[in-house]
Amino acid sequence: MTAPLTDTLRSAIWAILNDLDLEGLVGTSAEIHLERPANLDHGDFSSNAALTLAKRNDRIPRELAQEIADRLMSAGIDHLIGAEVAGPGFVNIRLANDWLTDLIEVVVDEGSEFGRSDLGEGQRVLVEFVSANPTGPLHAGHARGATYGDALARLLEFVGYEVGREFYINDRGVQMQTYAASLAARSAGEEPPEGGYVGQYIRDWAALMSEGEDPLEWGYAHARAEQQRVLRALNVHFDSWFSEREMIASGAIERTLADLRERGVVDDADGAVWLRSTDYGDDKDRVVVKSDGEYTYLLPDIAYHRDKFGRGWEHLIDVLGADHHGYVARMMAAVQSLGHDREDLEIVITQLVRLERDGQEVKISKRSGDLITMEDLISEVGPDAVRLTYLLQSVDSPQTIDLDLIVRQSNENPVFYVQMANARINSIGRVAEERGMTRLGISEADFSLLTHDRELDLLRTLGQFPDVVRVAARERAPHKITTWVRDLASAVHGFYHDCPILHPDTPEDLRQARWWLAESARIGLRSGLDLLGVSAPESM
RNA sequence: GCCCUCGUAGCUCAGUUGGAUAGAGCGACCGCCUCCUAAGCGGUAGGCCACAGGUUCGAUUCCUGUCGAGGGCACCA
């Protein structure tokens with residue numbers, strides 16, 4: 001609905017510009033846009049065409065703008081009721097309200113499909129996230145990657161990608177040995193070895209381990225099961241849990257090394273094997289096989305990415321914490337060394353989470369055992385509040401989580417604000433039933449009665465959803481969905497407050513129109529929350 | 001020393017490919033329940049968009065530099 005009209009306006013403007021025989025149309029096409037002004041006084045849409053083109057055509061911006069505005073008005077465009085020059089030379093375009101109210105039927109008709117697109121064209125994308133070592137419980141820091149990765153996957157599916165969610169299990173190596181040794185020591189009533197894990201959870205878990213168990217295997221299975229259980233509780237689901245050990249056992253390392261040699265991207269020097277990653281922009285070449293014959297951590301990671309492509313994934317997204325960012329350049333180089341394009345691998349770095357309590361920073365350290373576990377958070381406020389809190393802001397920014405606040409079930413927590421908006425709409429149906437009131441068919445509603453600012457605001461926000469979804473997906477920014485959901489909730493609250501539906505003073509025909517408007521808002525709210533993986537309870 | 005991300009209201013943060021008077025929540029203050037959920041709505045106060053240059057009709061946004069915060073720079077994982 002929104003999109004076709006923007007297309008109409010855009011092509012009408014371009015037709016006018018061509019008619020006016022202006023210079024520089026080709027070179028500036030990207031700079032001429034049709035935008036939605038933040039300020040309603042500036043119309044429903046606005047174009048900067050005159051400003052962009054005036055100088056190189058030796059014209060006065062406002063005069064050129066006036067010419068464009070006049071021609072727009074006589075172009076016979078649907079809904080168009082005004083085009084005027086403003087400011088330095090903007091053309092502000094005004095539309096009749098039915099431009100907005102037409103949206104109601106579209107949303108009701110499309111339902112949960114509203115906002116969906118085929119931006120991804122069915123491309124197969126594998127999102128790898130969390131991938132925490134199986135050496136302890138997931139903590140509050142992991143929750144950021146978990147909620148982000150999951151929301152991103154939902155978003156990409158919604159815009160037409162075929163998406164897989166994978167957890168890479170680092171189930172071998174030094175960390176595992178240290179962890180097993182710490183478990184064994186606690187189990188025997190001793191202190192963990194030098195450099196071992198001293199956290200309380202090691203004591204707790206060791207107590208659960210029966211006599212004669214292999215601490216490494218038992219510890220691995222236990223940590224993995226715990227992580228899976230807690231992720232499920234957060235409503236995060238993976239399609240695959242990929243084991244490093246199994247991959248290595250299958251001979252993937254040897255095959256990868258052979259592949260790299262065949263491609264001529266590795267060199268032998270000083271008794272070691274080096275990946276010439278500087279060929280692809282890395283700072284220095286990287287050792288993949290040490291002079292003692294052992295391979296470095298990098299080689300399994302290369303083999304793992306090779307495996308992902310081998311399984312038919314066309315595009316890979318790795319979600320990593322900021323502490324891994326030094327790894328990006330070499331991995332990008334490695335993937336290109338395997339013959340893939342630079343664009344085939346995308347690494348999203350999430351900045352670190354800082355936890356505060358009483359205004360003081362709470363440090364997270366698995367080794368020392370000072371842990372705020374993910375489970376603690378979920379059990380305090382439930383998965384919805386945890387998810388929405390983490391998905392509130394861009395992963396590019398470091399995030400401060402106030403533990404006192406998230407735990408407090410108050411209006412300071414935005415999840416209540418949003419869910420409340422949904423619950424209020426749903427309550428209309430319940431109350432109507434009690435009072436014996438019924439909603440008639442949508443085709444009988446007269447939406448021209450919707451002229452209240454609150455009603456139009458609600459529609460304006462609702463109409464942005466398809467665009468917001470596209471932008472959020474393109475920028476890998478699910479927090480933009482959160483921002484929109486809050487905006488929509490705000491519009492719903494305002495509408496609910498000022499535009500009563502069931503009240504006896506509300507005329508029946510207006511009641512019907514508002515009722516369907518409320519229904520379209522409910523659909524939008526639900527869709528946004530679904531993308532975030534947050535539930536939409538019908539009552540609170 | 002080099003690289004990455006960031007610096008916006010007292011606090012936590014938004015800000016669509018550069019647009020007009022920079023927004024929200026919380027906190028502070030003042031109002032609103034004979035009315036579908038007051039976990040709500042409205043209003044007031046609060047800003048040198050870190051700083052300095054540059055690009056142009058126009059910069060919070062793009063470029064360079066400075067300062068500050070966090071993270072990273074191994075034949076460790």
Side-chain angles (χ1 to χ4, degrees), chain A residues 30-31 33 35-39 41-42 46 48 50-52 54-55 61 86-90 92 133 170 172-176 270-274 283-284 286-292 294-298 300-301 321-329 349-352 354 356 359 392-402 405 409-417 419-421 423-432 434-435 437 454 464 467-468 470-472 474-475 477 479-480 482-483 486-487 490 492-494 496-506 515 518 539-540:
Chain A
E31 294 165 43
H33 17 89
E35 57 199 44
R36 265 180 299 224
N39 186 338
D41 293 340
H42 299 146
S46 172
N48 65 343
L51 283 166
T52 308
K55 194 173 188 184
F90 291 101
N92 292 343
N133 288 343
N170 228 279
R172 54 167 287 281
V174 177
Q175 300 295 329
M176 286 291 291
D270 307 327
V273 182
W274 300 70
D283 291 341
K284 50 174 293 187
R286 305 289 168 177
V287 171
V288 290
V289 182
K290 296 190 269 185
S291 51
D292 63 5
E294 292 290 313
Y295 43 78
T296 64
Y297 74 95
L298 189 57
D301 282 347
D323 51 342
H324 286 86
H325 108 265
Y327 162 100
V328 173
I349 295 294
T350 70
Q351 293 303 308
L352 299 183
R354 173 190 156 98
E356 280 183 358
L392 219 43
Q393 56 197 256
S394 164
V395 290
D396 285 341
S397 304
Q399 183 171 32
T400 304
I401 301 272
D402 184 335
L405 195 151
Q409 304 210 13
S410 74
N411 57 355
E412 291 167 54
N413 198 323
V415 74
F416 296 106
Y417 184 79
Q419 290 185 331
M420 176 72 174
R424 282 178 131 183
I425 295 179
N426 279 289
S427 78
I428 295 167
R430 286 194 301 271
V431 173
E434 289 165 17
R435 298 186 189 176
M437 305 171 92
R454 298 293 205 174
Q464 289 166 5
D467 277 344
V468 169
R470 273 190 290 272
V471 171
R474 202 168 49 227
E475 297 182 4
H479 78 277
K480 295 196 176 203
T482 315
T483 302
R486 295 172 83 189
D487 285 347
S490 170
V492 164
H493 282 303
Y496 185 92
H497 187 266
D498 287 351
C499 302
I501 293 173
L502 304 179
H503 193 275
D505 293 347
T506 303
W515 209 334
S539 65
M540 292 183 69

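The sequence lines fix the lettering, A, B, ..., with proteins before strands; numbering per chain opens at 1.
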Below 3.5 Å between N/O atoms, which protein atoms pair up with nucleotides 55-62 of chain B? Just atom names and distances, please.
residue : atom : partner : partner atom : Å
C57(B)  : OP2  : K55(A)  : NZ           : 2.5

Counting the atoms with a prime plus P, OP1 and OP2 as sugar-phosphate, which does [X] contact under 4.0 Å by heavy atoms, base, sugar-phosphate, or nothing?
X       : value
R354(A) : nothing
A329(A) : nothing
R474(A) : nothing

Contacts of type side-chain contact (heavy atoms from CB on, under 4.5 Å), residue E434(A), not counting sequence neighbours: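 side-chain contact (heavy atoms from CB on, under 4.5 Å) check on E434(A) returns nothing, list empty.
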Dot-bracket summary - RNA chain B, pairs being Watson-Crick or G-U whose distances fall under 3.5 Å, with | when paired to another strand: (((((((..((((.....[...)))).(((((.......))))).....(((((..]....))))))))))))....
Minimum-distance pair of heavy atoms, taken over all atoms of P61(A) and L51(A):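 So the two residues come closest at CB-CD2, 4.3 Å.
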[X]: what forms a side chain to side chain donor-acceptor pair (under 3.5 Å) with it, not counting sequence neighbours?
X       : answer
H42(A)  : none
D301(A) : Y327(A)
Q399(A) : R144(A)

In whole Å, I'd like the distance from the [atom1] atom of [X] to the [atom2] atom of [N].
X       : N      : atom1 : atom2 : answer
I349(A) : U5(B)  : CD1   : C1'   : 9 Å
Q393(A) : U5(B)  : CD    : P     : 18 Å
L392(A) : C26(B) : CG    : C1'   : 11 Å
D402(A) : C26(B) : CG    : C1'   : 10 Å
Q464(A) : A14(B) : CD    : P     : 18 Å
Q399(A) : C13(B) : CD    : P     : 7 Å
D467(A) : U17(B) : CG    : P     : 11 Å
R486(A) : G15(B) : CZ    : P     : 12 Å

Atom [atom1], compared across [N] and [M]: separation rounded to whole Å:
N      : M      : atom1 : value
G7(B)  : C11(B) : P     : 15 Å
A20(B) : G15(B) : C1'   : 16 Å
A22(B) : U60(B) : C1'   : 7 Å
A9(B)  : G47(B) : P     : 10 Å
G25(B) : A14(B) : P     : 16 Å
C35(B) : A28(B) : C1'   : 30 Å
U17(B) : U61(B) : C1'   : 11 Å
G42(B) : C49(B) : C1'   : 28 Å

What distance separates [X] [atom1] from [Y] [atom2], expressed to the nearest 0.5 Å?
X       : Y       : atom1 : atom2 : result
T296(A) : K290(A) : OG1   : NZ    : 7.5 Å
Y297(A) : R172(A) : OH    : CZ    : 13.0 Å
H324(A) : T350(A) : NE2   : OG1   : 10.5 Å
W515(A) : I428(A) : CH2   : CD1   : 8.5 Å
L502(A) : M437(A) : CG    : CE    : 5.0 Å
S427(A) : Y496(A) : OG    : OH    : 4.0 Å

Where protein sits on nucleotides 30-38 of chain B, one letter per nucleotide: B base, S sugar-phosphate only, - none, heavy atoms under 4.0 Å: -----SBBS
B/S/- contact track for nucleotides 70-77 of chain B, protein heavy atom under 4.0 Å: BBS--BSB
Nearest-nucleotide comparison on RNA chain B, the residue closer to the 5′ end among K480(A) and A86(A):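 Mapping each residue to its closest nucleotide by heavy atoms, the 5'-most match is K480(A).
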Given G15(B), U17(B), A20(B), the nucleotide with the shortest approach to the side chain of E475(A):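 Selected nucleotide (nearest to the side chain): U17(B).
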Selected nucleotide, minimal atom distance to N92(A) side chain, candidates G19(B), A20(B), A14(B): A20(B)
I'd like to check the salt bridge (Lys or Arg N to Asp or Glu O under 4.0 Å) partners of [X]; sequence neighbours left out, ordered by chain and number.
X       : value
E475(A) : K480(A)
R424(A) : none
R454(A) : D498(A)

Short side-chain N/O contact to A20(B) OP1/OP2 from S46(A), under 4.0 Å: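 So the side-chain polar atoms of S46(A) never come under 4.0 Å of the phosphate oxygens OP1 or OP2 of A20(B).
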Phosphate-side-chain proximity, R36(A) and G19(B), N/O vs OP1/OP2 below 4.0 Å: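 For R36(A), the contact criterion (side-chain N or O under 4.0 Å from OP1 or OP2 of G19(B)) is not met.
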Sequence-distant partners of H325(A), ring-ring contact (aromatic ring centres under 6.0 Å, His included), two or more places apart: none
Torsion-based syn/anti label for C33(B), 90° from 0 as limit: syn
Ring centroids of H479(A) and A14(B) base under 5.5 Å with planes under 30°: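 It does not: the ring fails the test against the base of A14(B).
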Near-parallel close stack of F90(A) and A20(B) base (under 5.5 Å, under 30°):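 Stacking between F90(A) and A20(B): present.
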Whether N92(A) side chain and G87(A) backbone form a donor-acceptor pair below 3.5 Å: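 Judged by distance alone, no pair lies under 3.5 Å.
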